Amino acid sequence: MEKKLQTKNLTISFRTDNGKVQAVRGINFDLYKGETLAIVGESGSGKSVTSKAIIGILAGNSIVESGEIIYDGQDLLKINEEDFHKIRGDKIAMIFQDPLSSLNPIVKIGRQLTEAMILNGKMRQKESRKNFNKLIALLSRTMAIALERPDAEEYAKTVCANFDKFEYKHLDLEGEYNVAHEAADDALYELDSLILEVSKNAAKDISYRVKRVAKLAKTSVHEYVVNENAEKITALADEAVASIGAVKKGGDPTRLAEVLTEIQSILYAASKKPVPNFFAMGYYLTFATDPMPELPVEELNAFLRKYLDENFMLSFIEDVTKALRFSAYNSVKEKQEAISALNQLRFVFERDALNKQECYNTLKAMNKEVVEGIDKLELIKDSFAYTFYSGLKSELDKYFAAISKNIKEQKRYDRQQARYDALVAKGKEPDSKVIPAAITRLDVVKDNILVQIDRLVKNYENRIANVDKRDFASEAVAIIDYLKAQASGVVHKVTKSMAKNKALRLMDEVGIADARLRYNQYPFQFSGGMRQRIVIAIALAADPDILICDEPTTALDVTIQAQILELINKLKAERNLSVIFITHDLGVVANMADRIAVMYAGKIVEQGTSEDIFYDPRHPYTWALLSSMPDLDTKEKLEAIPGTPPNMIYPPKGDAFAARNKYALKIDFEEQPPMFEISETHSAATWLLHPDAPKLELPKIIKDRIERMTRNGGSDNDGE
């Protein structure tokens with residue numbers, strides 16, 4: 001499965017007046033395309049901090065101590081706000097617990113839905129053109145070296161310029177078609193309700209709506225949309241507008257309803273027509289000397305595709321394949337040199353005390369070699385290589401900043417401890433605890449630096465070993481598809497009218513009835529469940545890859561919770577979204593999560609598939625969550641989790657859950673357990689999984705529930 005997001009060793013703290021709070025401690029997880037990953041835990045476990053780090057909205061007093069969040073070859077913890085702006089909301093969207101916090105109370109819903117679409121539409125057009133130009137130029141330069149022919153440089157320039165040239169024609173053709181086809185779709189959407197309202201003489205804003213339909217109907221006239229009925233639909237549109245006055249004065253609306261129905265019939269037939277291959281058509285109209293044959297669209301597409309393949313595309317794919325193969329094997333040589341350089345320079349970071357100038361100079365030298373080793377024609381970016389510099393620099397910054405900070409922090413701690421001891425010696429009760437010294441361990445930072453170097457070396461070695469397994473012909477087709485997609489992105493301009501119609505459809509998609517009426521309402525005029533649906537619609541407006549849901553049902557009643565969960569499940573399936581679902585309630589995700597990560601005191605204590613967690617839980621904290629989860633069939637008394645989570649200003653020495661865990665072992669109070677692997681999909685951090693640990697049975701309430709779910713074929717009443 002394709003990884004959409006990787007979180008590695010993420011550690012985040014917050015500065016407070018009472019000391020540094022350790023909110024997230026070394027968590028690791030991957031998110032795959034099309035899956036739902038649920039992150040579950042009590043309040044304060046670090047769930048929301050993790051999600052806010054992913055989307056780049058951590059509070060100002062946060063400290064990212066270590067880790068990486070990798071998306072599309074970038075470390076989201078290292079990129080600047082300008083680059084993050086291209087990702088936040090556009091590629092990664094978020095739904096918050098309280099919908100009112102996401103909505104402007106004095107701005108109508110419609111405007112809040114359309115503003116982001118228009119702004120993101122302009123940004124996408126600019127970004128698409130930039131991506132297209134950058135890749136086609138790189139492809140041309142590589143082909144000029146890779147192709148074994150005397151005129152390779154001139155040939156490469158020509159063939160890439162030709163591709164660019166007919167792409168421009170393709171854009172013009174597709175753009176004109178899109179305007180007409182979207183006008184037809186918009187008119188059909190309006191007509192669905194308008195015809196019924198007109199026939200009952202109950203239409204509101206009849207003048208505006210009929211004129212708008214008439215304008216859209218005329219705009220839909222196009223060679224491949226409304227063609228043979230062009231004159232008829234124009235005449236019908238004019239007749240519809242002319243009929244408005246009579247109807248408004250109390251006249252019979254029957255004829256207007258009939259006219260609108262005829263327009264609807266023509267537009268419906270037009271909307272079902274096959275779409276021409278404008279890509280191939282662009283080539284033919286640019287380079288062919290003969291006029292385009294008059295054929296039905298299916299036959300025309302076959303003719304155009306054959307012409308494009310025979311005259312350009314097959315040879316272009318072959319040229320791109322050669323360029324990709326050359327780039328890959330040239331990259332292998334550079335990777336081998338990078339590996340050698342990294343291994344030779346590694347010693348600089350192994351010294352007992354690091355030299356600042358030497359380290360930063362070495363990092364620049366290493367990064368130069370690493371960058372040379374990147375195969376820039378690979379569509380799926382090598383995140384290890386692209387984030388090498390930012391990751392290593394972050395660790396170096398931390399190391400050299402800590403040298404002076406550690407001294408100051410130790411002095412502060414010594415002063416507080418001396419004052420505390422003096423009060424105790426006098427028999428007085430100190431009014432506060434001594435805040436532990438927030439010392440950065442320099443040896444750990446050095447180890448992290450060496451780990452990152454070794455990880456990059458191993459990554460490059462794996463890529464060198466697997467280069468012969470790459471299917472360069474398939475990659476060439478993918479490159480061309482990417483160029484086509486970027487070109488299409490340039491032509492998709494988002495106007496106010498288009499944004500409004502998309503907003504109305506989104507409102508329909510998320511289950512908001514009477515979308516046209518409610519479009520002009522304010523947030524306070526909606527119920528809590530409806531406001532959450534609006535927030536979901538806003539999040540989906542940019543067609544994101546990843547949707548983060550941070551406790552989206554907590555503020556809603558049980559019935560509405562189920563509806564919102566069902567909606568998120570439906571949208572995920574229809575849009576192939578990757579979802580991170582944050583919740584404190586395991587029951588909420590029982591029927592929607594593909595995988596579950598259970599968090600406690602800033603750490604993931606158990607991770608597995610939904611089936612692993614519900615049918616084979618291993619960590620006592622997971623047992624506690626399941627034992628406190630209500631369902632209709634449990635006869636046992638639910639067990640509340642005793643005590644409270646630890647104060648993370650003073651994190652416990654061993655397992656953070658030990659003090660609340662009735663199954664705790666002596667070692668739980670002394671040492672943090674590692675993550676034990678139970679299966680390929682399931683792992684848990686508990687000493688109970690150690691081979692020498694006593695064997696315990698599941699709590700009866702959980703055992704009975706599992707037996708019941710197994711008997712019922714995997715369903716129970718929890719989460720319903």
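Remember, predicted model here, so these are calculated numbers, not experimental data.
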Can a donor-acceptor pair be found between the side chains of [X] and [Y] at a distance below 3.5 Å?
X: R518; Y: Q525; answer: no
X: D585; Y: T583; answer: no
X: Q97; Y: D550; answer: no
X: R305; Y: N301; answer: no

Closer than 4.0 angstrom, basic N to acidic O: yes or no for [X] and [Y]?
X: R209; Y: E197; value: yes
X: R255; Y: E239; value: yes
X: R111; Y: E115; value: yes
X: D164; Y: K169; value: no
X: D238; Y: K218; value: yes

Can you tell me if [atom1] on [X] sees more than 12 non-hydrogen neighbours from other groups inside 6.0 Å?
X: E294; atom1: CD; result: no
X: K381; atom1: NZ; result: yes
X: E574; atom1: CD; result: yes

Side chain of R533, backbone of V510: donor and acceptor closer than 3.5 Å? yes
For the backbone of K232 and the side chain of N229, can you confirm whether one donor and one acceptor N or O come within less than 3.5 Å of each other? no
Just say parallel, tilted or perpendicular for the rings of F312 and F316, cut-offs at 30° and 60°. parallel
Might you point out which heavy atoms bring [X] and [Y] nearest each other, and give the distance in Å?
X: T7; Y: D30; value: N-OD1, 4.5 Å
X: F581; Y: V588; value: CE2-CG1, 3.7 Å
X: A183; Y: S220; value: CB-N, 4.1 Å
X: E262; Y: L236; value: CB-CD1, 3.8 Å
X: Q112; Y: L103; value: OE1-CA, 3.4 Å
X: K108; Y: Y519; value: CB-O, 4.4 Å

Below 6.0 angstrom between ring centroids: does that apply to [X] and [Y]?
X: Y307; Y: Y284; result: yes
X: F163; Y: Y283; result: no
X: H170; Y: F279; result: yes

Using the side-chain contact (heavy atoms from CB on, under 4.5 Å) rule, take C549 and V579 through it: C-alpha gap first, then chi angles, then the decisive distance, then the call. CA-CA 7 Å; C549 306; V579 177; 4.0 Å; yes
From CG (L5) to CG (D545), nearest 0.5 Å: 10.5 Å
If you measure from CD1 on I536 to CE on M507, what distance do you get to the nearest 0.5 Å? 13.0 Å
Under the side-chain hydrogen bond (donor to acceptor under 3.5 Å, both in side chains) criterion, do E551 and H584 qualify, and how do the steps go? CA-CA 8 Å; E551 302 271 15; H584 63 275; 3.2 Å; yes
Could you give me the CA-CA distance, side-chain angles and deciding distance for Y32 and L37, then say whether side-chain contact (heavy atoms from CB on, under 4.5 Å) is met? CA-CA 9 Å; Y32 294 91; L37 171 68; over 6 Å; no
Please step through side-chain contact (heavy atoms from CB on, under 4.5 Å) for the pair V297 and Y224, ending with a clear verdict. CA-CA 8 Å; V297 172; Y224 297 106; 4.0 Å; yes
Trace of the side-chain contact (heavy atoms from CB on, under 4.5 Å) decision for Y71 with I54: CA-CA 9 Å; Y71 173 77; I54 292 171; over 6 Å; no
As a test of understanding, state which of R505, K502, K500 forms a salt bridge (Lys or Arg N to Asp or Glu O under 4.0 Å) with D186. R505
Yes or no on salt bridge (charged side-chain N to carboxylate O under 4.0 Å, His left out) for K91 and D72, after CA distance, side-chain angles and deciding distance? CA-CA 10 Å; K91 301 294 185 182; D72 193 27; over 6 Å; no
